[in-house]
Amino acid sequence: MTAGSSIDPNHPAFAHIPVWVQEKLSPKAVQTIQKVHDWVENECIPAEPIVKAQIEQDKKTEWKTPKLITELREKAKKEGLFNLFLPKSFGHLSPGLTNLEYSCCADIMGKCYWAAQTMNCHAPDTGNMELLAKYCNEEQKKKWLQPLLNGETFSAYSMTEPDVASSDATNISCRVEQDPSDPNMLVINGRKLYGNCKWNAELGFYILMACSDSNNPNPWSRHTMVIVPKDTPGFRMVRNLTIMGYDHAPEGHGEYLYTNARVPKENIILGMGRAFEIAQGRLGPGRIHHCMRLLGQTERAYELALLRATDPAKKPRGKLIGAFDSNIERLAHIRMTLDSLRGVVLNAAHTMDVRGNKAGKYAIAQCKVLVPAQCAELIDECMQMYGGQGLTQHTPLPEMWTYARFVRIADGPDAAHRHQGEISRTLWEMGN
Ligand SMILES: Cc1cc2nc3c(=O)[nH]c(=O)nc-3n(C[C@H](O)[C@H](O)[C@H](O)COP(=O)(O)OP(=O)(O)OC[C@H]3O[C@@H](n4cnc5c(N)ncnc54)[C@H](O)[C@@H]3O)c2cc1C
């Protein structure tokens, strides 16, 4: 049963959802989208200055989730707003939304950078939970997945390395091998870049991708994924990385060194040499959650641009900034581009729902290539309307721009995504 006709067209939660999507929403989804909208507008956005102040205060002693976010997580859980991202295909674990329906929720969540975290729908935990739900045995699920689903801990994904081109994961060179002194243990040696920061007090474990059989003639069978608890001896964080100057506390991004770090063999996910099977399976909704939320971030930037365009205190040549033709055209360009990018994301989500994740590969790549780059451009246009203030902490625009810019690289650079499916096949045919 769909609820398209029962949607209140004046409710702001549905203002940017195309009609073809509205008509596919279940009554439950309509209700959830409204709840997510009210949650973000009433609980998250007004709390932004407090959360910022708590992060700065906490950083002086310990990196940890700000108290207000922890409280909001408890509240969101009670209100049934937790783990909305797990698609219906995950059975009893899923709250029952399709990817298309979740995309409408995530878009709204994106209006506040950390709102997704209050609903346990943040990266990289969403991708990690999908992975653990799909590939872990029952024991492992109890130990590693359940605490994440309960919101009791956070996790990190550790694949990238500083010394190889990691966008081609067959290059990954950090080693995970049988411990010669203990048949039940593995030993890890190597360097890693990125993966959330160890300083975060609530972070529990890393999902590590490492090379276990460099001599295997099949390059897709050389790697293994293994769970590494944060406090494993021999596993050291060298420093926190800043992204365009932001430390992104308390989640952060670390640079790591493994020196004879030992973990039990029972922490291997799926089996030795099977990392690429898992990585293929990770090509799911988690790949485009950032894109979904970037739409919301850009929507917020657009709202800020409208405010500046109509600010009576700011009148160059005696006119509102929004009264200049160039700015009317600029705003129209932002509005229309943003709506068309939303179409790209919703199409990918729907393709995954009706054809499966594998068939959605091209549509996912299309999101990864188009959305971050264009959202960064659109946010840049909004910054321009704010003049000098737009580049300072007087507005959240620089942080929003940084988010869009980093998604061009995180989860694989856009250039690599251009090699997906139909795009690379067409280019290959043209070249032959
Ligand atoms: C904010 C942020 C968070 C991140 N979080 C994580 C994380 O949690 N875990 C993790 O493991 N990694 C994380 N990453 C790392 C990210 O996934 C990698 O940086 C990315 O996959 C690229 O790998 P690389 O840096 O080794 O670049 P390389 O593979 O060396 O590529 C460098 C450049 O070469 C070009 N290039 C690469 N492939 C192609 C191609 N096929 N065709 C044409 N040109 C190409 C592109 O311009 C590319 O940007 C994060 C990155 C950022 C910015």
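The first residue in the sequence is number 1, and the count goes up from there. Order of appearance sets the numbers: ligands from 1, and atoms from 1 within every ligand.
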Within the 6.0 Å centroid threshold, strictly below: Tyr386 and His394: no
I'd like to check which ligand 1 atoms, numbered from 1 as shown, lie under 4.0 Å from a non-hydrogen atom of Ala416. 41 (N)
Taking NZ, NE, NH1 and NH2 as the nitrogens, is one of them in Asp107 or Arg293 under 4.0 Å from a carboxylate oxygen of the other? no
Considering only protein heavy atoms, which is closest to atom 26 (O) of ligand 1, and at what distance to one decimal place? Ser166 N, 2.9 Å
For atom 19 (O) of ligand 1, what's the nearest protein heavy-atom neighbour? Residue, atom name and distance, please. Ile409 CG2, 3.5 Å
Take atom 32 (C) of ligand 1 and look for protein heavy atoms under 4.0 Å from it; say yes if you find one, no if not. no
Of all protein heavy atoms, the one nearest atom 38 (N) of ligand 1 is Ser167 OG, 3.4 Å
With a cut-off of 4.0 Å, which atoms of ligand 1 are near a heavy atom of Gly412? 17 (O), 21 (O)
Numbered in order shown, the ligand 1 atoms found under 4.0 Å of a heavy atom of Met159 are 10 (C), 11 (O)
Can you see whether Asn120 engages Asp125 through a side-chain donor-acceptor pair at a distance of less than 3.5 angstrom? no
Pair Arg300 + Glu303, salt bridge at N-O below 4.0 Å: no
As a test of the contact definition, would atom 1 (C) of ligand 1 count as having a protein heavy-atom neighbour under 4.0 Å? yes
Note, Val164 side chain near Glu161 side chain (heavy atom, < 4.5 Å): yes
Tell me: protein heavy atom nearest atom 35 (C) of ligand 1, and distance? Ala415 CB, 4.6 Å
Nearest non-hydrogen protein atom, atom 13 (C) of ligand 1: Tyr194 CB, 3.3 Å
Numbering the atoms of ligand 1 from 1, which are under 4.0 Å from a heavy atom of Asp411? 17 (O)
for atom 15 (C) of ligand 1, nearest protein heavy atom and its distance come out as Thr160 OG1, 3.2 Å
Could you pull out all residues at least two apart from Gln297 that satisfy side-chain hydrogen bond (donor to acceptor under 3.5 Å, both in side chains)? none
So does Asp231 pair up with Lys198, basic N to acidic O under 4.0 Å? no
Would you mind running through ligand 1 and noting each atom that sits below 4.0 Å from a heavy atom of Val164? 26 (O)
How about Trp144 and Thr153: does a side-chain donor come under 3.5 Å of a side-chain acceptor? no
For Pro413, the ligand 1 atoms whose distance to one of its heavy atoms is below 4.0 Å: 20 (C), 21 (O), 22 (C), 48 (C), 49 (O)
Are the aromatic rings of Tyr194 and Tyr157 close, with centres under 6.0 Å apart? no
Considering non-hydrogen atoms of the protein only, which is the closest contact for atom 30 (O) of ligand 1, and what is the distance? Ala165 CA, 3.5 Å
Has ligand 1 got any nitrogen or oxygen that is less than 3.5 angstrom from a nitrogen or oxygen of Tyr157? yes
Is Glu399 paired with Lys52 through a side-chain N to carboxylate O contact shorter than 4.0 Å? yes
Record the part of His419 in heavy-atom contact with ligand 1 below 4.0 Å; permitted values are side chain, backbone, both and neither. side chain
Sorted by chain and residue number, the salt bridge (charged side-chain N to carboxylate O under 4.0 Å, His left out) partners of Asp168 (sequence neighbours excluded) come out as none
